[in-house]
Structures are given as structure tokens and as C-alpha cells.
Amino acid sequence: MPSSPNAVPDTFFFEPPLLLARALVGTVLRRRIRECWLAVKIVETEAYALEDLASHSSLGRTPSREPMFGPPGMIYMYWSRGGPSLNISALGAGNAVLIKAGVPYFDDRSPQETLKVMHRLNPTRGGGTRPQHRLCSGQSLLARCLDLKVAEWSGRSFDAQRFFLEDQGGQPSLLQTRRLGIPKGRDEHLPWRFVDRRLSRSATRNPLTRRNARDGGTYLSLEPGDPTGTFTGPHSPPRR
DNA sequence: CCAAAGATGCGCT
DNA sequence: GCGCATCTTTGGG
């Protein structure tokens, strides 16, 4: 028998974007494909805000960006550079969290054999099988291996029948650092990205697996219960 | 048309 | 593992 659904309550999403981004790391996305429940544990997120030059919402309110302005917990998806990306609206109009990377997750509801389905949904360019730790180690890879499409999911809410979020109760040790892919002058140095330290090799480029200058070796350590991070490495430039 | 909150392959260490 | 060039696909201008 499958275990009973354990979706987070709507109130889970009623947090400002930085707190929600932090809270989301370690939670599990459940996605039903026919009779099969796929699951991915989130290992990396980024926060975006209305008054944040990197955010889509800062570019103005349009129909496709409308979910970012909706109530907390709305799904916002967009397509960029050849792939889809999954976001969840946070407390405050225009605020959201980008789900940046994950790892396949298994339990009674989502047994090991579901891995085959995720591999089939997200093959390499040549049709080959990815290493398991790289199967959903990026925002588009994650959306693909859960079969989440912009047209189908953007503007919707989570749904206990097909796609929902589950809190596993763990508080992973995190690092907090700069977001990726933000152009110069667009609030690129805000440390609004959160990575599960233990699973950092399944995240995108980060200070634990890469040493290049774009992260500047600068990050914060966030331990369970810490209200704020502890600096590790040189200081980053101040905002504006 | 083309920039974009990406991904990949390749050459090097 | 790391850095960079190249490929990708779409919506908004």
C-alpha cells in the first residue's frame, strides 16, 4: 500500500522569499505520472523579489509573469535557453523561489524503480542515461525529469492528485551564496542562493565543488536553527 | 529577431 | 575537476 499523502499546508508558503528558499531545501516534490509517483528532494534554491533587478517580476507585470504576483504557493514556470524552470511564489507580490536542483528520492510511495521513469523523461542529448547524481542537478534537468511543462503548470497550484510538496522534517546544513547567471548590475552579488552542503555535488556550480572567481570563494554557512549565516571566505561587495 | 534566472562537450590540469 | 565556447528553444520586442 502506498503511504498516505503528506502535502505541506498552504501556510508553508507564507514566508518571504529568502525564508521560503531556505525552508524548501530538503523538502520533497512528488509528481504522479500515470500510476507512478516520482519524487525529488530539493538540494538547491534561489530567492527572487519584486525590487530585485534579477527577478522577472521586476521587469513588470505581464500575463506570463502573473503567477509571481499571485498568492504564496503558486507555480510559476518560464522557458529560457532551451529548458523549462520551476518556481514557487512566496509571500509578497512579485516574490518567488526558483527550484534549482534536486536528487531522486525513494521510499514506499516512490520506489527505486521510479528512477527508470525519470531517466526516460530526461535522457542526455544523445539519448543516453545520466549519472544518477546528475539526473536533476539543474533547474531544467529537474523540471524535465518530473515532466513539468510551462504550458501545463505555470499559473497552477500544487495538487494532491498530481504534484505536491512534502516536508521530510530534516534541517540540512546549508551554504548561502550568490545566484548564478545574473548579469552585471542586476543585483548579481546578493547571496540569495541556498545549497544543501551534503549534496552539493548534485547542485549547480557552487563554492564547495568549484573554486572559480564568480563565486569569489564567498559564502555563508547556515546550520539548523541559526537565524542567520556565518561568513566563510572574503567579504562580498555591499548592495548598490 | 535575439536575449535569456541553461546545459553540454571539449581540452586542459 | 575546471573554464570556456557552443548549442539550445522560446516569448516578447
Side-chain angles (χ1 to χ4, degrees), chain A residues 17-18 20-22 24-25 40 42-69 74-90 94-103 118-119 121-155 176-195 199-217 239:
Chain A
L18 279 168
L20 181 60
R22 181 178 177 178
L24 281 167
V25 179
V40 164
I42 297 171
V43 308
E44 181 180 10
T45 60
E46 287 178 353
Y48 288 87
L50 179 62
E51 299 176 33
D52 157 21
L53 298 179
S55 76
H56 291 172
S57 54
S58 71
L59 300 174
R61 193 165 178 162
T62 67
S64 65
R65 297 178 195 137
E66 190 60 23
M68 284 193 84
F69 295 86
M74 297 285 297
I75 292 165
Y76 166 56
M77 293 192 71
Y78 65 91
W79 188 285
S80 180
R81 308 196 201 197
S85 299
L86 172 68
N87 302 255
I88 304 171
S89 64
N95 299 338
V97 176
L98 169 63
I99 309 301
K100 213 164 159 57
V103 289
M118 288 191 273
H119 273 123
L121 287 166
N122 187 24
T124 65
R125 212 141 67 192
T129 305
R130 298 172 191 279
Q132 189 175 328
H133 80 283
R134 286 293 178 207
L135 178 58
C136 31
S137 63
Q139 63 207 51
S140 296
L141 302 176
L142 183 149
R144 285 208 181 98
C145 72
L146 293 180
D147 194 30
L148 299 170
K149 299 188 171 75
V150 179
E152 184 179 1
W153 284 99
S154 195
Q176 182 178 351
T177 186
R178 301 200 280 201
R179 301 172 294 185
L180 290 180
I182 312 296
K184 269 192 189 173
R186 295 281 196 103
D187 287 329
E188 72 276 14
H189 41 61
L190 293 180
W192 284 9
R193 178 161 63 123
F194 299 86
V195 178
L199 298 172
S200 64
R201 71 181 205 124
S202 294
T204 59
R205 183 185 62 209
N206 67 75
L208 294 186
T209 56
R210 310 263 171 144
R211 268 144 244 188
N212 81 51
R214 284 163 88 170
D215 281 323
R239 185 175 181 190

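A note on names: the letters A, B, ... follow the listed sequences, proteins ahead of strands, and every chain is numbered from 1. Computation of the quantities below employed the complete heavy-atom set of this structure, encompassing side-chain atoms and omitting hydrogens, waters and symmetry-equivalent molecules.
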What nucleic acid atoms does A:Arg130 come within less than 4.0 Å of, heavy atoms only: base, sugar-phosphate, or nothing?
-> sugar-phosphate
Just name whichever nucleotide pairs with B:dA5, Watson-Crick or G-U, keeping both distances under 3.5 Å, else none.
-> none
Would a distance-only check, ignoring hydrogens and angles, find a side-chain to backbone donor-acceptor pair under 3.5 Å from A:Arg130 to A:Pro123?
-> yes
Touch check for A:Ser140, heavy atoms < 4.0 angstrom, all strands: base, sugar-phosphate only, or nothing?
-> sugar-phosphate
Candidates B:dG6, B:dA5, C:dT9 - which lies nearest the side chain of A:Tyr76 | B:dA5
Side chain of A:Leu141 (C-beta onward), nearest among C:dG12, B:dA5, B:dA7 | B:dA7
Give a yes/no answer on whether the side chain of A:Arg134 brings an N or O atom under 4.0 Å of OP1 or OP2 in B:dT8.
-> no
Please state whether the base of B:dA5 and the side chain of A:Tyr78 form at least one donor-acceptor pair under 3.5 Å?
-> yes
Which part of the nucleic acid does A:Gly83 contact within heavy-atom distance under 4.0 Å: base, sugar-phosphate only, or nothing?
-> nothing
Among C:dT8, C:dT10, B:dA5, which nucleotide sits nearest the side chain of A:Arg125?
-> C:dT8
Considering only side-chain heavy atoms of A:Gln139, which listed nucleotide, B:dA4, B:dA7, C:dT10, is closest?
-> B:dA7
Can you tell which of C:dT9, B:dG6, B:dA5 lies closest to the side chain of A:Arg81?
-> B:dG6
Within less than 4.0 Å of OP1 or OP2 of C:dG12, is there a side-chain N or O belonging to A:Ser64?
-> yes
Here the distance between atom C1' of C:dT10 and atom CZ of A:Arg65, to the nearest Å, is 14 Å
